[in-house]
Amino acid sequence: MNEAQIGTALLAWYDGHARRLPWRVPPAERRAGVLPDPYRVWLSEVMLQQTTVAAVTGYFHRFTARWPTVEALAAAEDADVMAEWAGLGYYARARNLLKCARTVTDLGGFPDKAEGLRALPGIGAYTSAAVAAIAFDRAEPVVDGNVERVMARLYDIHTPLPAAKPELTARAAALTPDKRPGDHAQAVMDLGATICTPRSPACGICPLRAPCAARAAGTQGALPKKTPKKAKPLRLGTAYVARREDGAWLLETRPASGLLGGMLGFPGTDWSEAPQPAPPLSADWRPLGAEARHTFTHFHLALQIETAVLPMEAQPARGTWVARHAFRPASLPTVMRKVHDLAQAAFTDCKWMLPQD
DNA sequence: AAGGCGTGGAG
DNA sequence: TCTCCAAGCCT
């Protein structure tokens with residue numbers, strides 16, 4: 001099979017097996033000339049960076065319900081967008097999402113070619129190609145983790161990632177058709193997500209089993225090869241959870257860059273091998289029996305938790321008091337929500353000290 | 001250019 | 001429990 005025939009087989013398979021996704025226009029409609037809203041394509045693509053469809057779906061619905069257009073999103077408060085993103089991870093995406101929405105609004109709309117999209121914050125090689133292909137039907141090579149895996153197997157490429165990336169991109173580009181490039185891009189990704197999966201690919205029902213070189217060689221289970229990752233060190237820290245007598249919580253907005261940048265959290269020590277105590281104010285701090293354990297991209301964290309109840313006149317050196325009914329734990333990043341859940345259980349036993357919900 | 005940057009689910 | 005990994009980007 002040559003490249004044109006592979007592309008045809010892929011599109012035929014996609015016409016019958018495309019996943020139905022909230023941000024997608026199905027192939028039958030696209031063939032009739034209907035293209036999706038670039039705002040929804042862009043929003044979904046940013047959310048899907050290193051993130052599963054299952055995790056994204058709820059966030060996508062909440063974002064589009066609250067901010068139906070890029071102009072609406074551009075007008076949002078930073079803190080509202082960060083709170084709505086809480087729990088999805090990689091928070092630089094949310095910061096760049098707002099910057100990008102404001103730039104696009106100033107431009108009067110999304111650029112309709114990959115080059116213009118690529119210049120926007122949070123839009124790299126993959127996302128620019130994906131939005132250009134899916135929202136504007138531009139013939140751009142769309143190369144994500146799925147495409148890398150499909151190409152590595154289809155052509156039995158044993159060079160480990162990321163060194164293999166240029167070769168895999170070249171293969172994907174050679175396969176990209178001039179007709180229906182948006183559906184083609186989504187077809188390769190759907191194939192990777194549903195058939196050509198990382199573990200135990202379903203070669204028996206794959207539309208590309210005939211031309212697949214790895215299938216012929218029996219190497220599909222070992223591809224793509226990847227260079228081994230470094231081990232994650234363990235870091236330690238302490239979070240301070242203070243309640244005021246009226247039930248208010250002491251919270252702070254983290255610095256705008258770096259880990260959990262711009263997100264809400266409890267004041268605490270740094271996270272390191274030997275953190276120094278750093279209570280946000282002087283109080284009768286009580287250690288909580290349990291610790292919060294969490295794993296980030298590049299380290300494990302074991303977080304001690306100290307709790308205290310403060311009088312109304314207490315003036316913290318760090319953070320601000322957030323009224324009991326104004327505080328939504330869902331607006332915290334996951335590690336902080338774990339701290340909250342553990343501390344909340346302890347405060348529930350303080351019926352004589354705090355108002356209860 | 002290698003490392004920082006989250007999270008939840010699967011095996 | 002632990003490792004891997006999912007539609008990457010930025011510096």
Side-chain angles (χ1 to χ4, degrees), chain A residues 19 21-24 40-60 82 85-97 99-100 117-135 140-150 161-163 165-166 169 172 182 184-194 196-200 221-222 224-235 254-263 265 271 292-301 330 332-338:
Chain A
R19 286 180 294 173
L21 300 171
W23 45 85
R24 176 178 285 181
R40 295 166 62 88
V41 175
W42 162 73
L43 178 61
S44 67
E45 289 300 341
V46 173
M47 287 183 166
L48 286 162
Q49 290 167 5
Q50 298 286 286
T51 310
T52 59
V53 166
V56 163
T57 303
Y59 285 86
F60 180 82
M82 300 311 290
W85 195 277
L88 198 55
Y90 284 135
Y91 298 99
R93 293 185 295 173
R95 302 194 298 269
N96 285 329
L97 193 78
K99 284 186 206 163
C100 185
L117 291 160
R118 180 72 176 79
L120 296 168
I123 300 187
Y126 163 75
T127 305
S128 57
V131 175
I134 296 170
E140 295 288 342
V142 177
V143 184
D144 71 334
N146 287 307
V147 180
E148 290 174 351
R149 186 171 57 257
V150 171
L161 282 165
K165 177 96 177 173
T169 300
H184 172 82
Q186 296 178 96
V188 185
M189 291 191 282
D190 275 22
L191 188 76
T194 63
C196 196
T197 53
R199 283 183 272 251
S200 57
K225 293 186 177 170
K226 300 193 175 180
T227 55
K229 304 173 180 178
K230 290 190 357 182
K232 293 175 166 64
L234 174 65
R235 295 190 193 172
R254 299 172 60 85
S257 65
L259 189 66
L260 308 180
M263 297 301 291
W271 299 339
R293 293 192 144 271
H294 191 72
T295 298
F296 292 98
T297 311
H298 53 295
F299 65 93
H300 302 287
L301 177 65
L332 297 172
T334 299
V335 63
M336 293 296 172
R337 190 179 45 69
K338 288 182 181 176

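Every chain is numbered from 1 and lettered A, B, ... according to where its sequence line falls, protein lines coming before strand lines. Please read all numbers here as calculations on a predicted model, not as lab measurements.
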Just the table, please: protein N/O against nucleotides 3-5 of chain B N/O, every pair under 3.5 Å.
from: B:dC5; atom 1: OP1; to: A:Leu259; atom 2: N; distance (Å): 3.4
from: B:dC5; atom 1: OP2; to: A:His298; atom 2: NE2; distance (Å): 2.7

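Among the protein residues, A:Ala125 comes within range of the sugar-phosphate backbone only, with heavy atoms under 4.0 Å from sugar or phosphate atoms but none that close to a base. Within 4.0 Å of A:Arg24, counting heavy atoms only, lies at least one base atom of the nucleic acid. No engagement by A:Trp42 is indicated, since no non-hydrogen atom pair under 4.0 Å with the nucleic acid exists. Within the nucleic acid shown, A:Thr295 comes within 4.0 Å of at least one base atom, counting heavy atoms only. Residue-level contact check: A:Arg19 touches the bases, meaning some heavy atom is under 4.0 Å from a base atom. Residue contacts shown for A:Ile123 are limited to sugar-phosphate atoms, with no base heavy atom under 4.0 Å away. Residue A:Pro162 is out of contact with every strand shown, counting any heavy-atom pair closer than 4.0 Å. Counting any heavy atom pair closer than 4.0 Å across all strands shown, A:Leu301 reaches no nucleic acid atom.
With sequence neighbours excluded, no residue forms a side-chain hydrogen bond (donor to acceptor under 3.5 Å, both in side chains) with A:Gln50. With sequence neighbours excluded, the residues satisfying salt bridge (Lys or Arg N to Asp or Glu O under 4.0 Å) with A:Arg337 are A:Asp341. With sequence neighbours left out, A:His300 forms a side chain to side chain contact (heavy atoms under 4.5 Å, CB included) with A:Lys232, A:Leu234, A:Thr295. When the side chain to side chain contact (heavy atoms under 4.5 Å, CB included) test is applied to A:Tyr126, the partners found at least two apart in sequence or on another chain are A:Glu45, A:Ala130, A:Val142, A:Asp144, A:Met189. Under the ring pair (Phe, Tyr, Trp, His ring centres under 6.0 Å) criterion, A:Phe296 pairs with A:Trp271, A:His294, A:Phe299, sequence neighbours left out.
Spacing of P atoms, C:dT11 relative to B:dG6, comes out at 14 Å, to the nearest Å. B:dC5 sits 15 Å from C:dA6 when the C1' atoms are compared, rounded to a whole Å.
Between the base of B:dG6 and the side chain of A:Thr51 there is a donor-acceptor pair shorter than 3.5 Å.
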